Chemist: 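Before I ask anything, here is the structure I am working with.
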Protein chains: 2
Amino acid sequence: MTVTLNDFLPSRKKIIEESLPNFIKYLEAPETLKESMLYSLNAGGKRLRPILVLATLQAYGKNEELGIAVGCAIEMLHTYSLIHDDLPCMDDDDLRRGKPTNHKVFGEALAVLAGDGLLTQCFSVIVNEKNPEVTAEMKIRLISEFVKAAGPEGMVGGQVLDMEAETKTLTLPELEYVHENKTAKLLMFSIIAGAILADASESDIQYLRTFAFHLGIAFQIRDDILDIEGNEELIGKRVGSDSSNEKTTYPSLLTMSGAKEKLAEHIAEAKSALRNVTADASLLEEICDLIASRDH
Amino acid sequence: MTVTLNDFLPSRKKIIEESLPNFIKYLEAPETLKESMLYSLNAGGKRLRPILVLATLQAYGKNEELGIAVGCAIEMLHTYSLIHDDLPCMDDDDLRRGKPTNHKVFGEALAVLAGDGLLTQCFSVIVNEKNPEVTAEMKIRLISEFVKAAGPEGMVGGQVLDMEAETKTLTLPELEYVHENKTAKLLMFSIIAGAILADASESDIQYLRTFAFHLGIAFQIRDDILDIEGNEELIGKRVGSDSSNEKTTYPSLLTMSGAKEKLAEHIAEAKSALRNVTADASLLEEICDLIASRDH
């Protein structure tokens, strides 16, 4: 049975959004802490990362339920990173997805702790998956890859590079390295996680890694373009913030048409890698096109 | 062969302090981030938590090397919690163990990220232990217990309770609940982790949990006492900070002699639980006495 992307995206977003609070609300933890974690978890977003886990399982014809916990763990980790990024000592943002940021509502101290809480708890979500098809060995590998993607060798490292880049103009390879770490690696992990859960071959995992790398960089280039050409209401934040911060972006380095060309190149590379995968990757390919053309 | 505590503590502290940097310095991560993480990891301390892991393995006559990685993971997590606790929006401390706090040296943004990096990386340290005696099932259980001890249901939750307690006087059960979460659960996990690695029986693990709970509360009571009676040079921070912050402490609730009595009660309960454990727990018992009488 063929699933169309128009059905897949809203239905899986709904499943993830219904599942996410269940990993928090039954915890024996202070109510204010749970409230603060749930506030940011429930603040919306595309839920792209968990959707990529499920889409990869779907490509292998596997039960998507295998990926719900890991998908939610990735979304919890993504949410912690947004809470900490928005802090006054970091990007100092008051709004996120059109809503007041966590520290604006709960104060800085609780925002730091809500982030710490989400970051810690997401590892429990992975190891406590009860489905026997998710073996102990899979969980170990998932956590090892997750830390590589999210920790000092991935997202946290990318965030440091991004901060250090604020005071200088980057070259294209430097800019790409920042975004590989800050953004692409967690998107890559989402797809790798789906492949691990689907028990995909090592060769497939390698091709999916290449696919996901180009998808992740394309995602970031589109973000930079939207910061200039985007509609504020659709993207939920002010446009033009990159150029007013004098940040190096793909359009600032390559001009707008050069950035769009680079975006098309990464999408082409992504699709080329995907063609080597021994699964029905049509949905992943459609997601790829969507990321290239998204308006928010 | 009998090991005396006088040999055990400094020799195991040395092993842990030699091992800790190895989990950071080879990471492919920005140098400034690694520097910031290593600064706090290398800032000294008693290394009590990893020592408890090794002492528990020793009680079962097991190879203590099994516990080095997990011990270091716990110390990394403990270190992240100190970095975040010291932030201006939290306790706003300039000194820790007689040295400038992380954000004083590296700035607030990098301190937040160094904490996030240590917290994320410590889970990798556990799953990437290569010794085949540490099975995948043990790793899964270690991570599940670790998150319970360190996350919203443990230390992070305790930190929130502690913040909320600043504006009111707590009852004794409330105070104990704060310290159970904020301090005792991570000490408890250190001992449970040693027991899991030693493949101890479930009954032993239960007795060790009780032992470690009382040990953890005793540790905190001694901390409160040292904040009044301690020597600033030995403890590396100013004394009297609790009473100037009008914090509820064991001495403020029970008087100094009442606090000392409560400390003795918890030490007695700890030892009583320990007597049921089917291992040579003499070293753990000595550590218990040391915690009751420590001067820093």
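Proteins get letters first, then strands, A, B, ... in listed order; numbering begins at 1 in each. Model, not experiment: these values are computed from the prediction.
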Chemist: Side chains of B:M76 and B:T79, heavy atoms from C-beta outward: is any pair under 4.5 Å?
Modeler: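 Answer no - side chains too far apart.
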
Chemist: Can B:F23 and B:L27 be said to form a side-chain contact (heavy atoms from CB on, under 4.5 Å), step by step?
Modeler: CA-CA 8 Å; B:F23 293 106; B:L27 294 177; over 6 Å; no

Chemist: Using non-hydrogen atoms only, which part of B:V112 is less than 4.5 Å away from chain A: side chain, backbone, both, or neither?
Modeler: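 Looking at B:V112, just its side chain touches chain A.
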
Chemist: Please identify, among A:H84, A:M163, A:Q159, A:K34, the residue contributing the most non-hydrogen atom pairs under 4.5 Å to chain B.
Modeler: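 Between A:H84, A:M163, A:Q159, A:K34, the count favours A:H84.
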
Chemist: Between B:L113 and A:M90, does the side-chain contact (heavy atoms from CB on, under 4.5 Å) criterion hold? Intermediate values first, please.
Modeler: CA-CA 10 Å; B:L113 290 165; A:M90 308 277 278; 3.8 Å; yes

Chemist: Among residues 126-149 of chain B, which residues come closer than 4.5 Å to chain A, judged by heavy atom distances?
Modeler: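 So the qualifying residues are B:V127, B:N128, B:A136, B:E137, B:K139, B:I140, B:I143, B:S144, B:V147.
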
Chemist: Tell me, out of B:G151, B:A114, B:A109, who's got the most heavy-atom pairs with chain A below 4.5 Å.
Modeler: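 Option with the greatest count: B:A109.
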
Chemist: Contact part of B:M37 toward chain A, heavy-atom cut-off under 4.5 Å: side chain, backbone, both or neither?
Modeler: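 Answer is side chain: those atoms of B:M37 sit under 4.5 Å from chain A.
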
Chemist: Only one of B:D86, B:N102, B:T101 passes side chain to side chain donor-acceptor pair (under 3.5 Å) with B:S40; say which it is.
Modeler: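 Answer after filtering B:D86, B:N102, B:T101: B:N102.
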
Chemist: Under 4.5 Å, counting heavy-atom pairs only, tell me which of A:S81, A:A111, A:C89, A:A150 racks up the most with chain B.
Modeler: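 Among the listed options, the one with the most contacts to chain B is A:C89.
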
Chemist: Could you check B:I217, B:L170, B:T249, B:D162 and say which one makes a side-chain contact (heavy atoms from CB on, under 4.5 Å) with B:L175?
Modeler: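 Running side-chain contact (heavy atoms from CB on, under 4.5 Å) over B:I217, B:L170, B:T249, B:D162 with B:L175 returns exactly one hit, B:L170.
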
Chemist: Go through it in stages, so that I can follow the logic: the residues are A:M188 and A:R209, the test is side-chain contact (heavy atoms from CB on, under 4.5 Å), and I'd like the CA-CA distance, side-chain angles, deciding distance and then a yes or no.
Modeler: CA-CA 6 Å; A:M188 290 164 75; A:R209 218 183 273 278; 3.9 Å; yes

Chemist: A side-chain contact here means heavy atoms from C-beta on lying under 4.5 Å apart; do A:T120 and B:F123 qualify?
Modeler: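 They are in side-chain contact.
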
Chemist: In sequence, state the C-alpha distance, the side-chain angles, and the governing distance for B:F213 and B:E176, and then conclude on side-chain contact (heavy atoms from CB on, under 4.5 Å).
Modeler: CA-CA 11 Å; B:F213 165 76; B:E176 196 161 283; 3.9 Å; yes

